[in-house]
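I am attaching a structure below and will ask some questions about it afterwards.
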Amino acid sequence: MSKYNLDYLDELEAEAIHILREVAGQFEKPALLFSGGKDSITLVRLAEKAFRPGKFPFPLVHIDTGHNFEETITYRDEMVQRLGEKLIVGSVQESIDQGKVVEQTGKNASRNALQTVTLLDTIALHGFDACIGGARRDEEKARAKERIFSVRDEFGQWDPKRQRPELWNIYNGRIHKGENVRVFPISNWTELDVWNYIKRENIGLPSIYFAHYRDVITRNGQLMAASPFLNMDEEDIIEHKKVRFRTVGDMSCTAAVESDADQIDIIIEEISASKISERGARMDDKVSEAAMEDRKKGGYF
């Protein structure tokens with residue numbers, strides 16, 4: 001009998017598709033969290049492979065800080081129109097207007113941390129019992145601790161000591177009333193895996209992932225896109241540089257890197273030589289040594 005061998009990307013794809021189908025089979029009201037970043041875009045492609053020609057068994061959910069890159073929002077709207085799938089938007093601005101969160105002040109103020117309340121309210125409003133996300137273990141040490149099926153309590157909190165064993169690709173989605181599960185189908189992928197998959201599948205991305213000229217300022221040693229969402233003063237000097245973004249988040253906390261990589265092959269070469277995780281360009285991860293873990297314990301994705 002001939003042996004059937006899969007390319008490593010085929011193996012990662014097959015695992016992710018299996019996880020997505022497990023979510024569809026085990027939960028009543030799942031959702032796919034969509035940020036407009038490369039990882040959630042990859043999840044959408046995997047969902048197409050898992051469920052087409054049928055409709056997705058879950059809506060796409062975007063938690064909108066109101067401080068997003070314009071290119072990302074444009075991509076999101078065009079993608080949703082092409083897919084014909086349902087999009088639900090949770091607004092951080094509405095959470096601020098309702099007095100549920102207080103906007104940060106000061107030079108390094110960001111809305112990124114405020115997303116947690118909006119996310120938990122959106123989950124409660126729509127009764128989602130599982131939320132699929134594009135987090136990967138190689139991004140950050142707190143994410144490396146988390147299982148593929150990660151149970152959150154009735155307050156949306158994550159307890160790293162309550163992790164469930166996941167043996168032989170068996171995932172336990174049993175939860176009590178009020179709890180929900182965060183699911184990470186590409187948890188075992190690396191940044192390089194994602195880019196190689198994007199190349200293989202010929203997936204379009206927002207233009208900010210590719211090198212382009214943009215007005216930036218240097219803050220805390222990082223290049224930040226000059227925008228009305230940054231609290232700028234006379235110390236901030238605007239420069240016009242060729243940059244790209246390795247990760248996409250709120251404009252007030254996502255830094256760029258200087259780069260000439262304007263094509264996928266060049267980006268792959270650049271990442272292969274990098275010794276810094278893509279989350280190294282996220283200012284919100286630098287608040288403290290345990291910044292990400294603290295946010296996850298509070299309900300952050």
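Both backbone and side-chain heavy atoms feed into the values below; hydrogens, waters and symmetry mates do not.
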Just do the side-chain contact (heavy atoms from CB on, under 4.5 Å) check on R244 and E270 with the steps written out, would you?
-> CA-CA 11 Å; R244 75 177 193 86; E270 186 177 87; 2.8 Å; yes
Under 4.5 Å between any side-chain heavy atoms of F128 and P59, yes or no?
->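 Yes - at least one pair of side-chain heavy atoms lies under 4.5 Å apart.
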Got a salt bridge between R111 and E103, using NZ or NE/NH1/NH2 to carboxylate O under 4.0 Å?
-> yes
Consider only side-chain heavy atoms of I, L, V, M, F, W and Y, link residues closer than 4.5 Å, and tell whether I73 and M79 are in one cluster.
-> no
Have S91 and D64 got a donor and an acceptor in their side chains that come within less than 3.5 Å?
->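 Note: S91 and D64 side chains miss the donor-acceptor criterion.
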Go through L32 and V61 one step at a time and tell me if the side-chain contact (heavy atoms from CB on, under 4.5 Å) criterion holds.
-> CA-CA 6 Å; L32 191 155; V61 174; over 6 Å; no
Report yes if some heavy atom in the side chain of L114 is under 4.5 Å from a heavy atom in the side chain of I96; otherwise report no.
-> yes
H18 side chain reached by E22 side chain, heavy atoms, under 4.5 Å | yes
Would you mind reporting whether E71 and R76 have side-chain heavy atoms less than 4.5 Å apart?
-> no
About how many Å separate OG of S274 and CD of E269, when rounded to the nearest 0.5 Å?
-> 13.5 Å
Answer whether the closest heavy-atom distance between the side chains of K107 and E235 falls below 4.5 Å.
-> yes
Distance, nearest 0.5 Å, that separates CD1 of I208 from CZ of F210 |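 One finds 10.5 Å between CD1 of I208 and CZ of F210.
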Answer with yes or no whether the side chains of S252 and D250 bring together a donor and an acceptor at under 3.5 Å.
->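 Side chains of D250 and S252: pair found under 3.5 Å.
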Looking at R152 and E146, does any basic side-chain N land under 4.0 Å from a carboxylate oxygen?
-> yes
Would L12 and I186 count as a side-chain contact (heavy atoms from CB on, under 4.5 Å) if you check the C-alpha gap in whole Å, the side-chain angles of each, and the deciding distance to 0.1 Å?
-> CA-CA 8 Å; L12 291 172; I186 61 171; over 6 Å; no
Answer with yes or no whether the side chains of R182 and N180 bring together a donor and an acceptor at under 3.5 Å.
-> yes
Can we say R214 and E239 salt-bridge, meaning some charged N sits less than 4.0 Å from an Asp/Glu carboxylate O?
-> no
Can you name the one residue among L120, D121, L119 that meets side-chain contact (heavy atoms from CB on, under 4.5 Å) with I63?
-> L119
Enter the distance from R137:CZ to R147:CZ here, rounded to the nearest 0.5 Å.
->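 Here the interatomic distance stands at 7.5 Å.
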Taking the side chain as every heavy atom from C-beta outward, state whether F58 and I132 have any pair of such atoms under 4.5 Å apart.
->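 Yes, their side chains come closer than 4.5 Å.
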Do the non-hydrogen side-chain atoms of I268 and I271 ever get within less than 4.5 Å of each other?
-> no
Just by distance, with hydrogens left out, do D193 and T190 show a side-chain donor and acceptor under 3.5 Å apart?
->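 There is such a pair between these side chains.
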Taking Q115 for its side chain and N112 for its backbone only, find out whether a donor-acceptor pair lies under 3.5 Å.
-> yes
Is Q93 reaching over with its side chain to a backbone N or O of G66, donor-acceptor style, under 3.5 angstrom?
->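 Absent.
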Y197 and E13: side-chain donor and acceptor closer than 3.5 Å?
-> yes
Any chance you could measure H67, atom NE2, to C253, atom SG, to the nearest 0.5 Å?
->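 These two atoms lie 11.0 Å from each other.
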Is the shortest heavy-atom distance from the side chain of Q163 to the side chain of V151 under 4.5 Å?
-> no
Are the aromatic rings of F34 and H62 close, with centres under 6.0 Å apart?
-> no
Are R200 and D10 close enough for a salt bridge, meaning some N to O gap below 4.0 Å?
->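 Yes, charged N to carboxylate O under 4.0 Å.
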Please check if the side chain of D215 supplies one atom and the backbone of A225 the other of a donor-acceptor pair under 3.5 Å.
-> no
About how many Å separate CG of L20 and CG of L43, when rounded to the nearest 0.5 Å?
->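 Between atom CG of L43 and atom CG of L20 there are 6.5 Å.
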Within a radius of less than 6.0 Å around CZ of R52, do more than 12 heavy atoms belonging to other residues, nucleotides or ligands occur?
->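 Yes, CZ of R52 has more than 12 neighbouring heavy atoms, counting only those of other groups under 6.0 Å.
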Atom CD of E70 and atom OG of S227: how far apart are they, to the nearest 0.5 Å?
-> 11.5 Å
Does atom NZ of K199 have more than 12 heavy-atom neighbours from other groups under 6.0 Å away?
-> no
